[in-house]
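First comes the structure, then the notes that go with it.
The chains referred to below are lettered A, B, ... by the order of the sequence lines, with proteins before strands, and numbering in each begins at 1.
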Amino acid sequence: MTTTTRSPRHRKPAVARASRLVGTGTMIRLALRRDRFRLPAWIAAHGLLVVYIGSALPQLAPTKEDLAGISSLLSQPVGRMFTGPAFGMDDVTYERFFAAGYVPYLFILAALMNIMLVIRHTRKEEQTGRAELIRASVTGRHTALTAALIVALLANIAAAALVIVLAVMLEYALVGSMLVGFATGLTGLAFAGVAAITAQLSEFSRSATGMAGAVLGVAFVLRALGDMVAVGGSALSWASPLGWAAQTAPYVEDRWIPLVLLAGFAAVTITAGFVLQRRRDFGASLIPPRPGPAHAAASLGHPLGLAYRLQRGGMLGWGSAILILGVINGLFTQAMLDAGEDMPPQLSAVFGSEQLLDGYVGFLGGFTGIFIAAYVVYAMQTLKSEEDAGRADTVLATAVSRMGWLSTHVVVIALGSVVITAVTGLSTGLGAATVTGEWELVGSLFLAHFAVVAAPLTVLGLCAALFGLVPRVVAPVGWLLVALIGIVELFGDLLDLPEWLRTLSPLWHLASVPVEGFETMPMMVLLGATLVLLAVGLAAFRRRQVNVV
Amino acid sequence: MTTTPAISIRGLIKNFGSTRALDSLNLEVNQGEVHGFLGPNGAGKSTTIRVLLGLLHADAGTVEVMGGDPWKDAVALHRRLAYVPGDVELWPNLTGGEAIDVFARLRGKLDRTRRNELCERFDLDPTKKARTYSKGNRQKVALISALASDVELLLLDEPTAGLDPLMEVVFQQAIREVKDAGTTVLLSSHILSQVEVLADRISIVRQGSVVETGSLDELRHMTRTTVIAETDHPAPHLAQLSGVHDFTEQEGKVQFQLDGDSFDEAMQSLTPLGIRSLVAHPPTLEQLLMRHYGDAATGAEEAPR
């Protein structure tokens with residue numbers, strides 16, 4: 001009797017705290033069950049990157065001299081911008097080349113996996129209303145977030161372990177491999193924490209994912225700028241979680257301290273996520289949604305206006321990302337020229353010219369072309385989503401014809417590609433002219449960009465044709481083509497790819513201005529092919545049924 | 001009779017792979033009538049409507065909408081009709097108000113006064129982004145847009161599935177108004193009572209074909225009421241009345257099916273026996289189909305979408 005009267009005062013708060021986590025075990029099992037294919041695929045992608053690079057490097061550079069030759073690709077400022085601080089390139093080994101050139105992409109992969117995982121199991125569930133059923137049963141307020149974070153932790157442990165084991169199997173040093181694995185896992189956890197915060201900020205999973213992705217983007221830019229300053233990075237590199245991960249300098253300096261920073265960042269962001277979650281209602285957000293217009297603008301009453309409105313978000317998102325990348329590349333021109341003296345032949349293979357400046361200008365045009373092609377595939381994919389979700393049904397049930405619906409979207413995407421290309425070309429040119437003082441670069445960079453625009457338009461034509469004929473292959477074929485265009489453009493000469501493979505890339509057929517003179521013929525052929533493909537797509541879409549299950 | 005029917009389907013067949021979704025379906029909807037298109041889930045109602053919209057191609061049979069071919073003349077016909085899908089999907093980043101306007105303007109003209117009035121009546125906040133809407137609110141968006149368009153034919157696929165009873169009443173008023181204005185309505189539903197209130201004629205679809213069609217009077221034989229009564233005195237003689245069917249008696253309780261026009265007679269026979277309790281309810285669609293077509297009519301059908 002005496003024991004029972006005394007205990008409630010002490011036990012009550014403990015019970016209340018624990019009750020916020022009731023059902024976590026079940027929720028973890030549910031999450032693992034729902035992600036039973038997705039999560040292993042993400043983790044396997046980590047392993048695949050290690051195995052692929054590990055086996056490809058000895059092929060690409062059979063001797064140490066070969067490796068030393070291409071290592072300047074990574075130690076050049078441009079290389080450092082895309083990869084990392086490039087430790088140990090003066091005495092390069094396979095493991096160091098792997099760590100400098102490819103491990104940074106493991107970090108990004110881990111960050112993306114965690115952002116999507118956490119948002120998928122928290123805000124997405126709340127937005128769809130599924131979490132309401134869960135919360136109405138015996139589960140606590142923090143159950144879903146806790147379960148999501150534990151699943152993220154498990155996934156990160158699995159990914160880290162896989163990376164370590166595979167790296168060691170490639171006979172890379174144990175300590176360095178462990179640093180790579182831990183840095184990958186902790187970067188993942190750090191971004192799981194970022195997602196735990198953004199999940200509280202918006203009512204919508206897409207905005208929450210977008211915000212976390214923006215944090216990743218800022219982290220990348222800070223690291224890129226910081227690492228461009230000097231080999232081994234600068235103070236700015238230490239302002240970014242991606243920078244910390246890279247500063248472990250695996251296989252070279254083998255530093256453990258940056259891992260503490262990553263773990264601390266993860267702890268702080270995760271705690272902040274829980275604190276913010278306590279301050280909001282279920283389903284609500286800390287950033288309240290604003291009311292929109294009660295009436296549609298007049299332009300929305302026309303299929304073209306509607307297509308523009310639906311495509312606008314993707315166009316602005318892709319457009320600004322491509323533009324920013326272009327401007328950074330433009331501003332980088334002078335640093336490129338300064339470093340030009342000791343440029344290895346491999347680099348000129350990428351640029352396709354001995355004339356460094358011309359090569360760089362031509363390279364940037366093609367570089368933008370790859371991303372425009374990616375935008376085109378993304379945009380054409382939205383048509384498939386419109387159809388699958390049944391929204392195309394409702395529009396096609398009005399006085400909008402199949403031709404009208406598809407062609408307006410295609411026109412908007414085509415104009416979008418051309419405008420993004422032109423604006424990026426001009427801005428890249430202005431950036432390059434500002435740092436070099438050579439104003440004719442504005443014109444030549446604009447031309448270099450303009451010269452390749454036919455390639456993404458061909459991709460657009462192909463996607464439209466596929467959408468009419470076999471809509472389900474638009475995404476796989478489209479992305480495969482983008483990957484091919486990218487590989488041929490960036491590594492075609494370096495990897496000595498066979499001729500037939502290169503001809504599959506529409507970009508390869510176009511002249512790289514100003515290294516080569518502008519040629520009208522290939523451009524006309526590609527534009528002609530685009531028109532034929534568009535006609536095929538429109539005709540096929542007119543004949544096929546819509547949204548058949 | 002002399003005018004062309006608003007919808008005329010003869011021998012419509014539609015296959016999805018090896019499954020036959022529509023099996024020689026016949027349907028005729030006259031101009032100006034509200035036609036109830038009734039059937040269990042997965043009977044083929046949505047598929048029929050999507051053929052009528054030209055979104056699906058008929059494998060066999062003739063289909064005419066307002067005298068035109070829905071596959072070939074889709075655009076011209078769509079100017080004259082409005083469609084409300086059973087599962088309304090909207091663009092998450094457009095407001096409800098914008099979506100209403102978009103659909104109506106793409107069809108042709110939007111009656112702005114009527115649109116605002118309908119928003120009021122259906123109690124819809126048009127300034128909210130569509131992704132915040134519940135299923136019922138998304139349904140309202142499509143309904144308001146359709147009702148605010150000046151069209152001759154409304155194709156409504158389970159239009160009130162997500163609406164509460166209060167909104168159901170608003171919906172019924174609105175349908176009566178457009179009917180008075182001469183609009184033809186095809187109203188699909190799986191709930192008999194919903195259709196009964198509005199429909200001039202009803203077609204019942206089951207496993208891809210129409211098994212019964214006619215006015216409510218003509219379907220009277222199908223709309224027998226189930227009566228359960230408890231009386232002080234036994235009532236075996238009720239079984240002899242012409243409108244009474246399936247009579248059973250158990251422990252002072254009688255249960256029987258009653259034709260719609262035999263109520264008076266049956267009640268007059270019951271009253272002298274001293275009624276202690278009386279329950280009468282109309283048949284559900286499931287009961288109807290089960291009674292007329294056996295067990296295969298319900299439950300066994302899987303929804304194709």
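- With a 6.0 Å radius and a threshold of 12 heavy atoms from other residues, nucleotides or ligands, A/Tyr308 has its OH atom at or below the threshold.
- For A/Arg206, the CZ atom counts as loosely surrounded, since its 6.0 Å shell holds 12 or fewer non-hydrogen atoms of other residues, nucleotides or ligands.
- Taking CG of B/Asn93 as the start and CG of A/Leu310 as the end, the distance is 7.0 Å to the nearest 0.5 Å.
- Within residues 95-106 of chain B, the residues having any heavy atom closer than 4.5 Å to a heavy atom of chain A are B/Thr95, B/Gly97, B/Glu98, B/Asp101, B/Val102, B/Phe103, B/Arg105, B/Leu106, listed by residue number.
- Residues in residues 155-167 of chain B take part in these salt bridge (charged side-chain N to carboxylate O under 4.0 Å, His left out) pairs, two or more places apart or across chains: B/Lys45-B/Glu158.
- For A/Arg34, the CZ atom sits in a packed shell: over 12 heavy atoms of surrounding residues, nucleotides or ligands are nearer than 6.0 Å.
- The shortest distance between side-chain heavy atoms of A/Leu396 and B/Leu55 falls below 4.5 Å.
- One finds the OG atom of A/Ser205 at 9.0 Å from the CZ atom of B/Arg131 (value rounded to the nearest 0.5 Å).
- Proximity to chain A involves both the backbone and the side chain of B/Leu94, based on heavy atoms less than 4.5 angstrom apart.
- Here the closest heavy-atom approach between residue B/Trp71 and residue A/Arg543 is recorded as CZ2-O, 3.1 Å.
- For the set B/Arg112, B/His57, B/His78, the entry with the most heavy-atom pairs within less than 4.5 Å of chain A is B/His78.
- Between A/Gln545 and B/Arg50 there is no side-chain heavy-atom pair separated by less than 4.5 Å.
- Around the CZ atom of A/Arg542, the shell of radius 6.0 Å holds no more than 12 heavy atoms that belong to other residues, nucleotides or ligands.
- When heavy atoms are compared at a cutoff of 4.5 Å, B/Lys14 approaches chain A solely by way of its side chain, counted from C-beta outward.
- Interface remark: A/Ala297 contributes backbone atoms only to the contact with chain B (heavy atom separation under 4.5 Å).
- We find the CD-OG1 distance between A/Gln127 and B/Thr132 to be 10.0 Å, quoted to the nearest 0.5 Å.
- Heavy-atom proximity under 4.5 angstrom to chain B picks out A/Ala397, A/Thr398, A/Ala399, A/Val400, A/Ser401, A/Arg402 from residues 397-408 of chain A.
- Close approach to chain A, defined as a heavy atom under 4.5 Å from one of its heavy atoms, is seen in B/Asn116 of residues 116-123 of chain B, taken by number.
- Ranked by heavy-atom pairs shorter than 4.5 Å toward chain B, the options A/Gly305, A/Gly301, A/Gly313 are led by A/Gly301.
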Evaluate A/His295 against B/Arg115 for side-chain contact (heavy atoms from CB on, under 4.5 Å), listing each step before the verdict.
CA-CA 10 Å; A/His295 296 274; B/Arg115 176 251 199 222; 3.0 Å; yes

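- When the candidates B/Lys128, B/Arg107, B/Arg80 are compared by the number of heavy-atom contacts under 4.5 Å with chain A, B/Arg107 comes out ahead.
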